[in-house]
Amino acid sequence: MKYWLMKSEPDSFSIDDLARKPKQTQHWDGVRNYQARNMMRDEMKSGDLVFFYHSSCKQPAIVGIAEVCREAYPDFTANDPENKYYDPKNDPDKPRWYMVDIRLVRKLARDISLAELKQYGELADMPLLARANRLSIMPVSKTNWQFILKLENKPV
DNA sequence: GCCAACGTTGGC
DNA sequence: GCCAACGTTGGC
């Protein structure tokens, strides 16, 4: 089983939005970056766990845990000219973009902010902390996953 | 709102 | 195939 981190802008889709979805499940549409797509298409498996991360907001932070509940399938929003993620170059018969479904496992007891994560040398190898990392999906090592979970119940 | 980083596009 | 221009991401 693998661990991941997925970014979402809370203004467009927050952890609470996920919690309100039927079955607390959402298809992860709109990924238009090949590296992120490859990870979803080739490596994400049902049961993999995901840190849900709020980006481009007042306090960027890991806010919850989700699990992959459906493995990669074509991202239908790429075929819909009305959709903001429409890709005119996409051939529906040879889909270029993929998505997975994720289901909320739980919100964290407290948000663990990017600023806090940066304080720990143990996490220095996280791609999230690399300078100007723009990937919306990235792997998390088991070691880092467990380290971050321990922070959850640590007094701030 | 600024700016650094970096992916994509398109002319040559 | 190179590379400049442009667009997007995302922290601050």
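Every chain is numbered from 1 and lettered A, B, ... according to where its sequence line falls, protein lines coming before strand lines. The analysis underlying the following values was restricted to heavy atoms, covering all of them including side chains, and did not include hydrogens, waters or symmetry mates.
Checked against C:dG11, B:dG7, B:dA4, the side chain of A:Ser55 finds its nearest nucleotide in C:dG11.
One atom, CD of A:Glu9, and another, P of C:dT8, lie 13 Å apart when rounded to the nearest Å. Atom P of nucleotide C:dT9 and atom CE of A:Met6 are separated by 16 Å, given to the nearest angstrom. Across the protein-nucleic acid pair, A:Asp87 atom CG and B:dG7 atom C1' stand 14 Å apart, rounded to whole Å. Taking atom CG of A:Leu128 as the reference point, atom C1' of B:dA5 lies 15 Å away to the nearest angstrom. Rounded to a whole Å, the CD atom of A:Glu116 is 16 Å from the P atom of C:dG11. Taking atom CE of A:Met126 as the reference point, atom C1' of C:dG11 lies 16 Å away to the nearest angstrom. Atom-to-atom, CZ of A:Arg134 to P of B:dG7 comes out at 7 Å; the value is rounded to the nearest Å. Atom CG in A:Leu114 sits about 10 Å away from atom C1' in C:dG10, given to the nearest Å.
By the 4.0 Å N-to-carboxylate-O rule, A:Arg37 lies too far from A:Asp75 to be salt-bridged with it. Under the 4.0 Å criterion applied to side-chain N and carboxylate O atoms, A:Asp48 and A:Lys45 are not assigned as salt-bridge partners.
Taking side-chain N and O atoms only, A:Lys118 has a distance below 4.0 Å to OP1 or OP2 of C:dC12. Contact annotation: A:Lys89 reaches the phosphate of B:dT9 (side-chain N/O to OP1 or OP2, under 4.0 Å). At B:dC6, none of the side-chain N or O atoms of A:Tyr34 fall inside 4.0 Å of OP1 or OP2 (strictly under the cut-off). Between A:Lys7 and C:dT9 there is no side-chain N or O to OP1 or OP2 distance below 4.0 Å.
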Please report the C-alpha distance between A:Ile102 and A:Met6 in whole Å, then the side-chain angles of each, then the deciding distance to 0.1 Å, and finally whether the side-chain contact (heavy atoms from CB on, under 4.5 Å) criterion is met.
CA-CA 10 Å; A:Ile102 65 166; A:Met6 295 168 93; 4.1 Å; yes

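Annotation: A:Trp28 is in aromatic contact with A:Phe52 [ring centroid separation under 6.0 Å].
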